[in-house]
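Reviewing the structure listed below.
Just so you know, these numbers use all the heavy atoms, side chains as well, and skip hydrogens, waters and symmetry mates. In what follows, chains carry the letters A, B, and so on, assigned in the order in which the sequence lines appear, proteins first and then strands, with residues in each chain numbered from 1.
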Amino acid sequence: EDIKEFNIGILGGENAQDRLNAYQCLGDYTKEALGVEVKMFAPADYNGVMQGLLGGTIDMAWLGASSYAGVYIQDPEAVEPVLIKINLDGSYGYHSIGFARKDSGITSLDDMEGKVFGFGDPNSTSGYLIPSIEIPTYKDGVTMEPGDYFADVKFTGGHEQTIIAVNNGDIDGGVTWADGQGAWEDGYNNGALRKAVDAGLVDMNDLVEIWRSKPIPEGPIVLRKALPDDVKAIMTKLVDELHETDPECAYGVAAGDSLGFDPITHAAYESIVAARLAKAN
Amino acid sequence: MADTTAASLDATRANYVALTRQRRLYGGIMLLVFVLLMASGFGIANDRNAGGFLPGLPQMFDFPAEVIAEAWTKRANLPGHIAKALPALIETLNIAAIATISGALGAILLSMLATQGLAPWPRLIPVFRRIMDLMRAIPEIVIALVLIFVLGGGPVPAAIAIGFHTVGALGKLFSEVNENADLKPLEGLSSVGATWGQRMMLGLVPQVAPNWFSYALLRFEINIRASAILGFVGAGGIGYELKNAISWGQGKFDEAAAVFILLFLTIVVFDQMSSYIRNHLTYGSVKGARK
Amino acid sequence: MSLAAAPQTRDMRARATALIARKRLIGLALPALILAYCAYVFFAFDILGLAQRARWDNAVTLVSDTYSYKTVVERNNRSGVFEVAVEGERKGTYDETNMPGWVVLAEDSAHITLDNGGSIDINGDLVRFDVPGYGVIEATQSRSAGVTTNLDPEALPDWVSLSKTRLMVSTDAARLTLTKARTEVFVYDFGWELFFFTLESPYYDHSFGEILFGDRIDPARSNLTGAWQDFWNNAIWRHGDTAWALFETVLMAFLGTFGAAIVALPLAFLAARNFAPLKVVRMAARRLFDFLRGVDGLIWTILLSRAFGPGPMTGALAMLFTDTGSFGKLFSEALENVDGKQIEGIASTGAKPLQRYRFGVIPQIVPVLLSQVLYFLESNTRSATIIGAITGGGIGLLLTQAMITQKDWEEVSYYIILVVLLVMAMDSFSGWLRRKLIKGE
Amino acid sequence: MLEVKGLTKRFGANIAVDKMSFTVDRPLMIGIIGRSGAGKSTFLRMMNRLTDASEGALNFEGRNVLGLSGKEKRDWQSTCAMIFQQFNLVPRMDVVSNVLHGTLGRRSTLATMFNLYPEEDIHKAIDILDRLGIADHAPKRAEALSGGQQQRVAIARALMQDPKVILADEPIASLDPMNAQTVMEALRRIHDEDGRMVIANLHTLDTARRYCDRIIGMRDGRMVFDGTPAQLTTGVARDIYGAGADFSEAATSTEIRDHEALEQAEMRAAEVVI
Amino acid sequence: MLEVKGLTKRFGANIAVDKMSFTVDRPLMIGIIGRSGAGKSTFLRMMNRLTDASEGALNFEGRNVLGLSGKEKRDWQSTCAMIFQQFNLVPRMDVVSNVLHGTLGRRSTLATMFNLYPEEDIHKAIDILDRLGIADHAPKRAEALSGGQQQRVAIARALMQDPKVILADEPIASLDPMNAQTVMEALRRIHDEDGRMVIANLHTLDTARRYCDRIIGMRDGRMVFDGTPAQLTTGVARDIYGAGADFSEAATSTEIRDHEALEQAEMRAAEVVI
Ligand SMILES: Nc1ncnc2c1ncn2[C@@H]1O[C@H](COP(=O)(O)OP(=O)(O)OP(=O)(O)O)[C@@H](O)[C@H]1O
Ligand SMILES: Nc1ncnc2c1ncn2[C@@H]1O[C@H](COP(=O)(O)OP(=O)(O)OP(=O)(O)O)[C@@H](O)[C@H]1O
Ligand SMILES: [Mg+2]
Ligand SMILES: [Mg+2]
């Protein structure tokens with residue numbers, strides 16, 4: 001079976017056009033390797049790409065961990081994870097970070113009892129899914145039921161809003177994501193806190209970290225399972241070796257410095273799938 | 001009559017035939033341009049799309065089918081979900097209602113100031129028109145986001161954002177309605193020494209109220225749905241719940257169905273109400289008292 | 001009419017008084033109701049509490065960011081390397097050849113002159129910030145001791161924030177942060193940075209006059225082509241891509257709106273009381289419209305992405321679906337208002353049903369049709385903003401991403417200005433078309 | 001030629017036209033008079049088949065008009081033109097197009113959809129407009145014309161159908177006296193010159209008397225008079241209008257001046273100091 | 001009482017009213033006649049201050065009408081009622097409310113917006129409607145009434161203003177003859193009984209002759225006649241209407257019947273076989 005074109009979904013986050021440009025080199029390599037037209041999509045909201053993978057119109061994409069789990073639950077035969085980005089320190093993931101205002105006196109989840117806690121977007125891995133599963137395991141008696149351990153549990157809508165809400169004192173503590181590398185006072189090297197600091201919206205002196213999740217695996221690069229095996233092999237090899245063949249391109253594709261990509265399988269995401277299943281009705 | 005004007009009659013004929021030809025030509029060209037634009041536009045869009053139109057067509061109902069299938073197997077959950085979504089619906093309705101009311105009031109004022117024949121200061125008409133354009137053109141999501149940074153989350157930023165936008169959107173529609181209003185009653189009121197306010201309230205409003213009302217209700221519906229969009233910045237309501245449930249995928253489709261049923265019922269109610277009140281305003285309270 | 005009519009007149013008087021009283025009641029009840037509702041919302045939304053909690057300084061930060069930019073001078077305190085970049089972006093990084101005048105870099109030191117007379121010196125791990133009217137703040141950092149300063153921790157001005165690990169000094173002219181990892185100075189300037197040319201471009205820092213009339217700047221290209229190419233491909237503002245995004249937005253709106261109008265027109269006849277005598281058909285059609293409208297374009301986009309994948313066609317189809325619902329309602333209302341006399345006039349000549357619609361109905365609803373379609377075209381241009389965020393195209397994608405990533409509010413304002421201009425252009429175009437078609441030139 | 005037998009129309013319990021019967025054996029100009037609600041419009045509408053009859057027969061040149069349907073019915077409608085009180089033109093379209101609508105019954109649907117009419121039809125339309133003295137307005141929109149002019153466009157549309165019968169439902173009720181005169185004269189001229197049958201509902205006795213060959217009076221759906229203008233005496237009119245002895249023709253007359261009033265005016269004038 | 005001096009109105013280069021001057025020293029019923037475009041409406045509109053004059057003076061009881069503005073202008077408007085050809089009522093509102101609009105000039109904006117009319121005003125409105133014979137229609141919407149009835153509502157509104165002057169701009173041009181008669185009679189009766197000044201634009205000579213005490217003729221903006229009805233001979237009329245020798249009063253008469261036509265009709269009737 002031949003393919004007529006190859007469609008790549010690119011994880012949003014940064015400026016879409018920047019991402020498209022960063023991926024341009026990968027597109028060119030793909031076109032060369034497969035000999036078909038390559039189209040790339042970099043939406044801000046990832047639903048379209050997830051549906052495209054399920055419907056068979058998107059062939060390759062870099063998904064978030066939770067998004068991957070969502071696709072997997074909906075149709076285990078739709079995609080397979082092939083590669084994952086390796087951080088500069090050799091790790092695979094990032095963290096969900098719980099934080100509060102320093103002047104509130106809160107230093108850990110213990111102090112949060114009877115306080116208002118905020119998640120970000122219910123669709124986010126680090127802003128909701130993982131903390132909502134992991135925080136109740138912190139100690140006995142912690143639950144995410146509003147009015148139980150916490151006085152209230154709110155959704156702020158997104159990482160940025162959580163940071164603003166905590167900083168403004170609208171909520172006592174919240175979760176957001178960070179790579180966990182570098183120093184707290186800088187807002188870490190990467191993540192929502194760092195962006196807020198750079199934008200001048202918060203001062204890290206005012207905030208403290210109160211909780212940190214286990215490493216959350218980065219999302220995988222997935223290929224549509226129905227693709228011909230040779231296409232899958234070619235694409236996997238292409239991306240895997242990108243760091244060696246064209247470091248500048250790899251920098252763009254990985255959205256920053258990395259040690260390249262490593263193979264990965266579905267097994268790495270089973271816990272996330274389980275977490276997501278637990279959240280379903 | 002016939003022979004004296006034979007020459008002019010010929011001229012009339014020739015003129016008219018020429019006019020017809022010209023009209024046909026222009027009409028034909030416009031039609032052609034439109035068809036070409038549609039076709040080539042569709043072509044471009046189809047090319048840029050991940051999946052093509054024709055191959056996608058048979059799959060069009062895959063997703064809805066999945067949703068319905070899951071909702072059906074878990075139909076026992078539906079009432080629970082509906083009950084759970086009710087507070088969100090009420091909040092959304094409140095946001096939409098207050099935004100629509102305040103937006104409509106603003107739009108009424110602006111539209112009267114911006115309509116030829118009604119405006120107390122005709123020179124300022126272009127100014128008011130541009131103000132409406134501006135209010136309409138700024139996407140509500142932008143306003144909401146800025147407000148969230150100032151006011152924090154919650155319904156107020158959403159209501160202000162939607163209301164601001166509503167002023168511009170309804171203002172344009174209202175001023176179109178106003179343009180079609182009959183100015184004779186207004187002149188009649190002028191002649192008895194009525195003030196501007198009296199002329200508008202007593203001469204204009206009775207004429208245009210049904211259409212204003214209908215547009216305002218349609219806008220109200222749109223504003224209910226706008227909560228889905230505002231979900232992007234954390235100011236969502238029922239629409240956002242629907243979007244989340246749908247995009248969560250398998251596992252929450254029953255919730256999606258429940259929220260959708262709620263939303264659909266709401267819209268049906270307002271659609272029926274709109275047509276009832278419209279008739280009432282247009283034809284008077286006595287049913288079928290059409291002249 | 002004098003004596004005999006008197007009782008009747010008295011009766012009329014009473015009835016008229018009652019009538020006016022009823023109207024008065026309705027006339028007063030409506031505003032009262034609205035007022036009561038507003039009061040309810042006032043408390044339900046806790047407006048008072050909100051007004052107190054409002055953070056206007058955040059608004060000022062955001063708004064000032066829309067018309068100013070910052071240049072970051074950063075020293076990586078581990079490697080000792082300096083970097084000067086607009087907005088701290090890779091693409092806006094200065095190199096030795098075009099370093100701005102207010103910063104002087106030397107071996108492991110930097111001297112920054114500020115507009116308000118102040119200055120900042122970075123000398124290895126030591127920083128001196130001369131704040132006019134306050135004095136000199138000296139700070140240093142080390143891996144072991146963290147941040148130490150000459151400031152009295154008990155009497156910090158409120159524009160200084162200090163902890164063991166971090167110092168932040170925010171003044172109007174510049175902001176300084178010092179941590180173990182890096183020393184950063186943010187210098188604020190008015191305007192949109194590098195809007196025309198990026199730093200790599202040979203045309204950067206040349207005036208329009210020079211480019212238009214001056215000598216050839218880049219020997220390889222004529223000034224005009226070269227300047228245009230560099231402007232169009234500006235790596236930060238991406239004018240070319242933005243133009244394409246605008247086009248894609250209009251394309252989606254155009255296809256969606258007109259497609260919806262074409263689909264909705266025949267369906268609207270089924271929903272109009274005077275054209276569909278069967279109540280069942282009418283109800284079915286109206287519920288179909290309600291259904292199509294009830295699902296927001298955003299959700300249609302997700303639903304349709306399964307079949308068609310992301311892309312502008314999916315977005316156009318999503319708009320087509322929702323708008324068919326809105327148009328169906330609006331058109332059928334217009335149809336219910338048509339004047340039967342014209343149809344009867346056509347019917348009396350022995351015209352066939354299709355001809356009756358064509359000449360008796362269509363000319364009457366054309367104005368409503370056209371003005372609604374044009375209005376929706378314009379409003380969809382705006383909605384395409386959000387739909388674009390899912391389909392991965394259009395100005396909406398750029399706008400939402402610029403907002404969500406909170407990177408640069410000047411980009412947000414640029415996109416908003418573009419959208420506003422586009423909408424205004426569509427508005428004048430639709431006004432022109434309406435005058436042409438409806439009012440007959 | 002035209003034979004109406006026991007024609008009846010019921011709207012629910014209300015009988016709008018009650019066993020109407022009469023025969024016409026050559027193209028006449030016929031006026032139908034009667035109070036508002038007498039059933040005049042309903043009769044014309046049944047004849048043009050805009051409304052279906054409840055009972056009775058209507059034969060025209062041997063054709064059973066009431067039994068026609070589909071194509072045949074439309075054919076009949078195109079040989080039996082109708083003119084309305086409110087003109088019922090398409091106001092947004094130009095005058096010639098409105099006149100050309102008279103050919104819709106004959107032309108294919110597709111061609112007319114795009115306003116494609118043969119050139120000879122266009123010429124004929126302009127000739128008809130010329131005959132009615134409004135050729136100058138040919139390219140204008142119908143709505144830009146005065147009432148009398150619009151009614152003449154409606155007559156032109158009727159003529160364009162080349163009908164055997166022209167039905168006119170109170171053609172001058174919305175017009176001022178001068179326009180009314182022009183329109184009635186145009187109808188009479190068409191009758192005289194082309195020999196078409198004209199049936200006109202009229203609400204004024206003197207118009208009927210002046211222009212018609214035969215007058216039918218209706219009251220509460222029933223025909224109560226059928227005769228020549230000369231036979232239409234004040235007594236008969238009293239019957240038709242169901243009026244008492246205080247009935248004066250002035251009530252339905254377009255004439256305003258009377259001698260007594262004139263005298264009054266002159267007396268007043270004499271008093272006035274200018 | 002009323003003094004008009006050199007009143008002029010220009011629309012761009014076009015002079016609609018050209019140095020109009022006349023004096024009236026007691027409440028008369030005045031008719032203004034003239035061709036379409038002669039400037040009749042423009043004069044009335046200037047008098048009511050719906051349009052601003054370009055030049056000249058208009059004094060009423062010593063008050064300089066053209067110089068008024070704001071509240072004073074509205075006061076003047078409320079003592080100088082206007083009746084329009086198209087009635088200019090608020091069609092969706094009921095008849096009483098329309099009549100009560102006559103009091104707007106006197107009442108506060110806010111009160112009228114919420115229908116806070118004093119009861120005596122309501123009673124007065126009914127009395128006026130009763131006087132004009134349409135009290136029965138009081139609760140109906142204005143649009144549900146016939147033209148003649150609507151015009152009487154407009155007159156009632158004017159009376160409600162309790163005006164010194166009633167201006168009527170072609171009050172009967174949109175009406176059928178019967179309604180026209182009723183309306184003109186109502187105006188005359190108001191003049192006779194209440195002693196209010198009435199100035200009416202009329203487009204038919206005989207109406208003017210019949211109802212007015214004094215007639216002003218206008219042509220191309222200039223006053224070309226000012227005299228009693230008796231002085232208005234056919235020759236004068238020919239002047240006013242700028243017609244040649246072929247002018248016959250029929251052109252502006254509401255009368256349609258003439259003797260020749262009647263004879264024709266009788267001849268025709270004789271031929272007809274019924
Ligand atoms: N569509 C209808 N439904 C019910 N009743 C109707 C309908 N059309 C006419 N009628 C009734 O039939 C009777 C005759 O009406 P028709 O319109 O024929 O009278 P007319 O003589 O033409 O009166 P007018 O001078 O007012 O036009 C009236 O009582 C009227 O109310
Ligand atoms: N608002 C206006 N702008 C420009 N010209 C006007 C305006 N109103 C009236 N005119 C012109 O002034 C002249 C007098 O008009 P006016 O309406 O007073 O005439 P009239 O005697 O009332 O005619 P009619 O019998 O048609 O009502 C006409 O030439 C008319 O075109
Ligand atoms: Mg009738
Ligand atoms: Mg006039």
Structural part of Ile122(D) lying under 4.5 Å from a heavy atom of chain B: side chain
Test side-chain contact (heavy atoms from CB on, under 4.5 Å) on Leu116(D) and Arg24(B); report intermediate values, then the result. CA-CA 8 Å; Leu116(D) 298 176; Arg24(B) 275 183 202 163; 3.5 Å; yes
Compare all side-chain heavy atoms of Asp94(D) with those of Tyr16(B) and state whether any distance is below 4.5 angstrom. yes
Per side-chain contact (heavy atoms from CB on, under 4.5 Å), His123(D) is matched among Asp10(B), Leu9(B), Val17(B) by Val17(B)
Atom CZ of residue position Phe61(B) - does it have more than 12 heavy atoms of other residues, nucleotides or ligands inside 6.0 Å? no
If you count every heavy atom of other residues, nucleotides or ligands that lies below 6.0 Å from Met30(B) atom CE, does the total exceed 12? no
Between Arg13(B) and chain D, with a heavy-atom cut-off of 4.5 Å, which part of the residue counts as in contact: side chain, backbone, both or neither? both
If you look at every heavy atom in Ala135(D) and Thr12(B), which pair is closest and at what distance? O-CG2, 3.3 Å
